[in-house]
Amino acid sequence: MPDEATRRMPHSAEYFGAERDYFWNADYLDLLFGRLGLPRPAAILDVGCGEGHWARLIAGRLSPGSSVTGVDREAVHLAAFERGLATTETAGLSVSTLQASAYDIPAPSATFDLVTCQTLLLHLREPAKALGEMKRLVKPGGQILCVEPNNLVGRLPISSLMSVMPVDEVVRLAEFALRYVIGRARRGLGDETIGESLPGLLAEAGLQDIRVWLCDRAAAVFPPYDTAEQAALLDAGRRWRREGLGPFDKAEMRSCVLAGEGSEAFFERAWADYLRLDDRIAEAAANGRWHTAGGTLFYVAAGRRGP
């Protein structure tokens, strides 16, 4: 269980490790921003910016004289955002921050050419309200770009070990993942499958020219595990379990599974399966026998504000 210091960590901080630097292929981003056809220069707003992983990738694809503004409710994230954006090579890039909720951003209406977010809406109780605020801030003819996952896929017990595990255990772990995701939404902690809803949410917000793509990056892990990306992925899993964070926060997992109509007995049995699977992965990896293609569903959806 997380200790008191861990419970005081800024929102989502446990997911801001080095593994986050490997979400994207550079040529895919070149293609994506070519499709968007942003003005030159452009004014960008990154909502729920965190430490700036997404904004740094955007900034490198902007023309000189552009601006990037980060919005986050955590001051410590905004400080890291400013430090990170200071290293970008875009000439004359203007960087600023706003400490605010995604529901109420202190900026004038119709200010930005692109308002964007990455893995924000899945955490929100009212994603439609946040999209309404994003629409207010984008210029007529400007675009909203949202990047959100279906994390249920990533929580399923799919890897090279699945074929040698007892089928009942695999089914129970899949049910565990589903009850967690449903329960999390019912507790008002956000919808981990919200990527599936993005097109409809953009349409309900009154946006036009809606387009939807998939990120083409897979988080593959295979022996000899000798790339920086694979090391970061494996290190993240070990850190989460060691510190009781993220997918290894037992109290949080229990609350969500119970909210998803799982029983206490089911949770305890599935939790034991969950830890046993992680032990199997660690053992197989230590022997150079674990691998996964690491496919995920990471949606990219864009919509344009009308005139």
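Checking L137, T111, L98 one by one against T69, the side chain to side chain contact (heavy atoms under 4.5 Å, CB included) holds for a single residue, L98.
The side chain to side chain donor-acceptor pair (under 3.5 Å) contacts involving residues 128-147 comprise S109-R136, D113-K139, E133-R136, Q143-R211, where partners must be two or more places apart or lie in separate chains.
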(request) Mind running side chain to side chain contact (heavy atoms under 4.5 Å, CB included) on I58 and F33 for me, showing each step along the way? (result) CA-CA 8 Å; I58 295 171; F33 282 89; 3.5 Å; yes
(message) With side chain to side chain contact (heavy atoms under 4.5 Å, CB included) as the criterion, how do Y299 and E196 come out once you've worked through the C-alpha distance, each side chain's angles and the decisive distance to 0.1 Å?
(response) CA-CA 8 Å; Y299 291 96; E196 306 292 345; 2.9 Å; yes
(message) Working note: M134 + F112, criterion side chain to side chain contact (heavy atoms under 4.5 Å, CB included); need CA distance, chi angles, decisive distance, verdict.
(response) CA-CA 10 Å; M134 293 166 73; F112 300 95; over 6 Å; no
(request) Kindly indicate, with the supporting measurements, whether the criterion side chain to side chain contact (heavy atoms under 4.5 Å, CB included) is fulfilled by V68 and F81. (result) CA-CA 10 Å; V68 177; F81 176 94; 3.9 Å; yes
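Taking each heavy atom of Y225 and R289 in turn, the nearest pair found is OH-N, 3.7 Å. Between W290 and S159, the shortest heavy-atom contact is NE1-OG, 3.2 Å. Residues Q118 and W24 approach most closely at OE1-NE1, 2.9 Å, considering heavy atoms. Smallest separation of non-hydrogen atoms from L121 and A130: CD2-CB, 4.2 Å. Of all heavy-atom pairs spanning L202 and G303, the tightest one is CD1-N, 4.1 Å. Closest non-hydrogen pair, C49 versus D72, comes out as N-OD2, 3.6 Å.
Applying the side-chain hydrogen bond (donor to acceptor under 3.5 Å, both in side chains) rule to D21 yields no partners; only residues at least two apart in sequence or on another chain are considered. Considering only residues two or more places apart in sequence or on other chains, R40 meets the salt bridge (charged side-chain N to carboxylate O under 4.0 Å, His left out) condition with none of them. Shown here are the ring-ring contact (aromatic ring centres under 6.0 Å, His included) partners of W271, two or more places apart in sequence or in another chain: F267, Y274.
Between the CG atom of D209 and the CZ atom of R304 there is a distance of 5.0 Å, given to the nearest 0.5 Å. How far OG of S163 is from CD1 of I158: 12.5 Å, rounded to the nearest 0.5 Å. To the nearest 0.5 angstrom, M165 atom CE is 7.0 Å from D273 atom CG. Rounding to the nearest 0.5 Å places CG of D46 at 11.5 Å from OG1 of T97. Note that the CD1 atom of I281 and the CG atom of L161 stand 6.0 Å from one another [nearest 0.5 Å]. Put simply, OG1 on T87 and CG on L85 are 7.5 Å apart, with the number rounded to the nearest 0.5 Å.
N25 contributes no side-chain N or O that, together with a main-chain N or O of D27, makes up a donor-acceptor pair within less than 3.5 Å. No donor-acceptor pair closer than 3.5 Å links the side chain of R241 to the backbone N or O of G237. Judged purely by atom type and a 3.5 angstrom limit, S66 has no side-chain atom pairing as donor or acceptor with the backbone of L93. Using a distance-only test at 3.5 Å, with no hydrogens or angles considered, a donor-acceptor pair links the side chain of Y103 to the main chain of E126. Between the side chain of D191 and the backbone N or O of L122 there is no donor-acceptor pair closer than 3.5 Å. Put simply, the side chain of R305 gets close to the backbone of V138: a donor and an acceptor are under 3.5 Å apart. Judged by distance alone, with hydrogens and angles left aside, the side-chain atoms of T116 form a donor-acceptor pair with the main-chain N or O of L145 at under 3.5 Å. Using modelled atom types, one side-chain atom of Y28 and one backbone atom of L214 make a donor-acceptor pair closer than 3.5 Å. A side-chain donor-acceptor contact under 3.5 Å links Q99 to the backbone of R73. Looking only at distances, a side-chain donor or acceptor of D249 sits under 3.5 Å from a matching main-chain atom of E252.
Ion pairing of E268 with K250 is present here, as a side-chain N (NZ or NE/NH1/NH2) and a carboxylate O approach within less than 4.0 Å. Taking a cutoff of 4.0 Å between a charged side-chain nitrogen and a carboxylate oxygen, E51 and R20 do not qualify as a salt bridge. Salt bridge R276/D279: absent, no basic N to carboxylate O contact under 4.0 Å. Between E169 and R280 there is a salt bridge, since a side-chain N of the basic residue sits under 4.0 Å from a carboxylate O of the acidic one.
Cluster annotation: V181 and L277 are assigned to the same hydrophobic cluster (Ile/Leu/Val/Met/Phe/Trp/Tyr, side-chain heavy-atom contacts under 4.5 Å, transitive). One hydrophobic cluster, built from ILVMFWY side chains closer than 4.5 Å, holds both L114 and V147. There is a path of hydrophobic side-chain contacts, each under 4.5 Å, that joins L120 to V115. Under a hydrophobic clustering in which Ile, Leu, Val, Met, Phe, Trp and Tyr are joined whenever their side-chain heavy atoms come within less than 4.5 Å, directly or via other members, I44 and V71 fall into different clusters. L297 and L178 fall into different hydrophobic clusters, where Ile, Leu, Val, Met, Phe, Trp and Tyr residues are linked whenever their side-chain heavy atoms come under 4.5 Å apart, directly or through other members.
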Listed pairs under 3.5 Å, donor-acceptor, residues 255-265 side chains, sequence neighbours left out:
| from | atom 1 | to | atom 2 | distance (Å) |
| --- | --- | --- | --- | --- |
| S255 | OG | A251 | O | 3.1 |
| E261 | OE2 | R186 | NH1 | 2.8 |
| E261 | OE2 | R186 | NH2 | 3.4 |
| S263 | OG | F266 | N | 2.9 |
| E264 | OE1 | R254 | NE | 3.4 |

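You'll find the side chain of V221 reaches within 4.5 Å of the side chain of T292, heavy atoms only. The shortest distance between side-chain heavy atoms of I194 and N150 does not fall below 4.5 Å. Side-chain contact between R155 and Y180: present, with at least one pair of heavy atoms (C-beta onward) separated by less than 4.5 Å. Taking 4.5 Å as the limit, some side-chain heavy atom of L29 sits within range of a side-chain heavy atom of R61. The side-chain heavy atoms of R187 and R125, taken from C-beta on, include no pair separated by under 4.5 Å.
Applying the 6.0 Å contact sphere to CZ of R35 captures more than 12 heavy atoms from other residues, nucleotides or ligands.
Cluster partners of V167, using a side-chain heavy-atom cutoff of under 4.5 Å among ILVMFWY residues and allowing indirect links, are V171.
Side-chain atoms of Y22 and Q230 include no donor-acceptor pair closer than 3.5 Å. No side-chain donor from either of T119 and E148 sits under 3.5 Å from a side-chain acceptor of the other.
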